[in-house]
Each structure stands twice: as C-alpha cells, then as structure tokens.
Amino acid sequence: MTKVIGITGGIGSGKSVVSKILQLIGYPVYSSDQRAKEIMHEDQKIIQQLTSLFGNQAYLNKELNRPFIASQIFQDDSKRIQMNQIVHPAVRADFKRWTENQVSHLVFQESALLFETGNYKAFDGVILVTASEKVRLERIKLRDNLSEKEIRGRFNSQMLEEEKKKLTPFVIYNNGDVFLVPQILDLLKRI
Ligand SMILES: CC(C)(COP(=O)(O)OP(=O)(O)OC[C@H]1O[C@@H](n2cnc3c(N)ncnc32)[C@H](O)[C@@H]1O)[C@@H](O)C(=O)NCCC(=O)NCCS
Ligand SMILES: Nc1ncnc2c1ncn2[C@@H]1O[C@H](COP(=O)(O)OP(=O)(O)OP(=O)(O)O)[C@@H](O)[C@H]1O
C-alpha cells in the first residue's frame, strides 16, 4: 500500500527545496503549483471558466496571464475562492491518477494549501516546512521581485504558520539556521 505524505507551508517557506531533496533521495514528489499551471493550459473547460471569471485578460496568446490573475486573486478573496473552486478539484483528481501510477511505497504531494483546503485529512501524514514571515518576505522579494504589499497579499491568503504547526507533528524548520537534510532524514524515519 502506497503511503501518501503532504508537504506544505507558506509561500517562501522552502517546500520546493525540501521536495527537490526528497526527489534526489529517490522519492516521487507531485508539485501542485506546476500541475495546476499545466492543467490551466490544457483543460478547455477550465480555460473557459477562468476566462469568464477574469475576462479575456486571463490568457494572453493562449498563455495564462499569471501576473494579472495574481493581482486579481491576492487582493480579492471572492475571486480567489472562485478560482480555487475551478482549479483545485482538477488538481485533486490529477494527483489521484498520478498516485495510482506510482510504484514507490512512499510518495509526496507538495502543496501550499493542504491545511487551508482541508485536503490534509486525506494524507497518511503532512510535513510542514516553516520559516518566519521576515525570512519568507526577503526570499520572495529576491525570487519573484514582488513588492512587500503583493507578498503580504499572498501571506493573507494563507493560514498562519502558528496555526499550521498545531495540525502536524512533522515540522521542518527552514529559517536557514538549521540544516535541512538531517531534519528530512529524521522525518523519513518517523513518518
Ligand atoms: C495566481 C497564479 C497564476 C500565480 O502564478 P505564479 O507563477 O506567479 O505563482 P505560483 O503559481 O508559483 O504560486 C506561488 C505561490 O503562491 C501561493 N499561491 C498560489 N495560489 C494560491 C491560492 N489560490 N491561495 C493561496 N496561495 C496561493 C502558493 O504559496 C504558491 O506556491 C498561480 O499561483 C495560480 O494559478 N494560483 C491559483 C491556483 C492554485 O491555487 N495553485 C496552487 C496549487 S493547487
Ligand atoms: N534554507 C534556505 N536558504 C537559502 N535560501 C532558501 C532556503 N530555503 C529556500 N530558499 C530560497 O527561498 C525561495 C523560496 O523557496 P521555495 O521556492 O522552496 O519555497 P516554496 O515554499 O516552494 O515557495 P512557493 O510557495 O512560492 O512555492 C527560493 O528562492 C529558494 O531558493
């Protein structure tokens, strides 16, 4: 029976870095962000729904207009909720199909929103990657060249780290002052 573990955490916490380390060790990791984007480019029904939600600016030359959509959903909860209702069920179904095709006894799904959506209940365990808001703010400024206001818009659309810590015993501290690999290897023994 395949064990399915979630990897979650706030924007800039280091989910992708932890996921890459797990992949290097040899475990399959499903990236929700990446697959959500592929689905939003492939699924005609979703393209049509997003276009009616956001207007023709949702796609430019058939490419998802990510900065425009981000400007819409991170400053407007109702638009974000409506977008989530369109995209998340498709990602959930896609992840289920992906899991059925895996041979590993242990697989992972990386997703920023496992606690926010309640999806964490469907997993055998959830790893929370956590870092302070200050550290995450600096990382996202550097990585995505976003303003502090834009980044805080993303913070405000996610659960507080302190709340997430109450929902799982498996936490990786990633402020940069504690090595990641020993924490990951220790978790793999416990999970
Ligand atoms: C708004 C979009 C177009 C911005 O794309 P962009 O390439 O700039 O950012 P990316 O997709 O890498 O997301 C960066 C981070 O933003 C955060 N984030 C993204 N979507 C959401 C959301 N709906 N709610 C809260 N946080 C979110 C996550 O921490 C994510 O890791 C994109 O994030 C998106 O389509 N989001 C809605 C679909 C979704 O919820 N995806 C998350 C995985 S299912
Ligand atoms: N321990 C670390 N030391 C230095 N830089 C780090 C560390 N962890 C993550 N980073 C950097 O911080 C940025 C955010 O990390 P990462 O993309 O893994 O976060 P994430 O949780 O996947 O974010 P998102 O929610 O946007 O997908 C990246 O540029 C990454 O290289």
Side-chain angles (χ1 to χ4, degrees), residues 6-23 29-43 46-47 49-51 53-54 57-60 63-96 98 108-120 127-147 150-161 164 171-184:
I7 303 168
T8 198
I11 186 167
S13 58
K15 296 182 296 301
S16 306
V17 170
V18 168
S19 297
K20 286 192 187 80
I21 293 168
L22 284 164
Q23 285 172 320
V29 181
Y30 178 98
S31 164
S32 301
D33 284 349
Q34 183 196 324
R35 276 305 290 154
K37 279 191 206 97
E38 288 163 1
I39 289 166
M40 289 186 278
H41 282 100
E42 292 157 6
D43 186 313
I46 285 183
I47 293 169
Q49 288 174 302
L50 293 177
T51 304
L53 176 60
F54 295 111
Q57 288 187 81
Y59 289 84
L60 295 176
E63 274 300 305
L64 191 72
N65 188 351
R66 292 190 278 172
F68 168 74
I69 289 181
S71 72
Q72 296 284 304
I73 71 166
F74 292 123
Q75 308 300 336
D76 176 339
D77 284 353
S78 68
K79 284 269 172 74
R80 178 164 49 81
I81 290 164
Q82 289 176 76
M83 176 168 199
N84 290 349
Q85 286 166 345
I86 293 166
V87 177
H88 290 181
V91 173
R92 263 198 306 277
D94 185 70
F95 175 62
K96 189 168 177 298
W98 177 89
F108 297 83
Q109 180 188 26
E110 177 203 339
S111 168
L113 308 172
L114 291 184
F115 291 134
E116 289 83 348
T117 57
N119 287 352
Y120 71 100
I127 295 171
L128 171 66
V129 184
T130 190
S132 69
E133 251 193 33
K134 182 171 176 295
V135 165
R136 294 190 292 125
L137 194 76
E138 287 316 308
R139 285 174 180 168
I140 296 306
K141 265 187 198 164
L142 217 58
R143 186 192 71 180
D144 298 345
N145 191 25
L146 293 172
S147 69
E150 287 169 316
I151 298 170
R152 291 204 179 281
R154 287 154 173 77
F155 284 173
N156 296 337
S157 63
Q158 299 179 346
M159 199 187 274
L160 290 174
E161 299 292 292
K164 294 179 187 175
V171 182
I172 291 180
Y173 294 88
N174 184 33
N175 274 338
D177 53 352
V178 183
F179 288 132
L180 280 182
V181 173
Q183 292 186 74
I184 293 170

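As the structure lists them, so they are numbered: ligands from 1, and atoms in each ligand from 1. Computed over heavy atoms, backbone and side chain alike; hydrogens, waters and symmetry mates excluded. All residue numbers refer to positions in the sequence shown, counting from 1. All values derive from a computational prediction rather than experimental measurement.
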Would you say ligand 2 has an N or O under 3.5 Å from any N or O of Gly12?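 N/O-N/O distance below 3.5 Å exists for this pair.
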Does Leu180 reach ligand 2 with a nitrogen or oxygen that is under 3.5 Å from one of the ligand's nitrogen or oxygen atoms?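 For ligand 2, there is no N or O atom that lies under 3.5 Å from one belonging to Leu180.
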As a test of reading the model: which N/O atoms of the protein lie under 3.5 Å from N/O atoms of ligand 1, and at what distance?
from, atom 1, to, atom 2, distance (Å)
ligand 1, 7 (O), Lys37, NZ, 3.4
ligand 1, 7 (O), Arg66, NH1, 2.8
ligand 1, 11 (O), Lys37, NZ, 3.0
ligand 1, 12 (O), Lys37, NZ, 3.4
ligand 1, 23 (N), Asn84, OD1, 2.8
ligand 1, 26 (N), Gln158, NE2, 3.1
ligand 1, 29 (O), Gln158, NE2, 2.9
ligand 1, 31 (O), Asp33, OD2, 2.6
ligand 1, 40 (O), His88, NE2, 2.8

Heavy-atom side-chain contact between [X] and [Y] under 4.5 Å:
| X | Y | result |
| --- | --- | --- |
| Val87 | Ile39 | no |
| Leu113 | Asn119 | no |
| Glu63 | His41 | yes |
| Gln109 | Leu114 | yes |
| Tyr30 | Arg35 | yes |
| Thr130 | Tyr173 | yes |

Would you tell me which option among Arg139, Arg154, Lys20 has the nearest heavy-atom contact to atom 2 (C) of ligand 2?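 It is Arg139 that holds the nearest heavy atom.
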Shortest heavy-atom approach to atom 31 (O) of ligand 2 - which of Val17, Val178, Leu142, Asp177: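 Nearest heavy atom to atom 31 (O) of ligand 2 lies in Val17.
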Considering the heavy atoms of [X], write down every atom of ligand 2 situated less than 4.0 Å from one of them.
| X | result |
| --- | --- |
| Gly10 | 21 (O) |
| Glu110 | 22 (O) |
| Asp33 | 27 (O) |

May I ask whether Gly9 has any heavy atom positioned less than 4.0 angstrom from an atom of ligand 2?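 So Gly9 does not count as touching ligand 2.
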Take every heavy atom of Ala112, measure it against each atom of ligand 2, and state whether any distance is under 4.0 Å.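 Outside the 4.0 Å threshold, so no.
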Look up atom CZ in Arg154 and atom CG in Asp144, then write down how far apart they are to the nearest 0.5 Å.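 That separation rounds to 7.0 Å.
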Please round to the nearest 0.5 Å and tell me the distance separating atom CD1 of Ile140 and atom CD1 of Ile151.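 Spacing of CD1 (Ile140) from CD1 (Ile151) equals 6.5 Å.
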Could you check atom 25 (O) of ligand 2 against the protein and tell me its nearest heavy-atom contact, residue, atom and distance included?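 For this ligand atom, the closest protein heavy atom is Lys15 NZ, 2.8 Å.
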When you look at Asp33 and Ser31, which way does the side-chain hydrogen bond (donor to acceptor under 3.5 Å, both in side chains) test go after all the steps? CA-CA 6 Å; Asp33 284 349; Ser31 164; 5.5 Å; no
So, Gln183 side chain and Phe179 main chain: donor-acceptor pair closer than 3.5 Å or not?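 Present.
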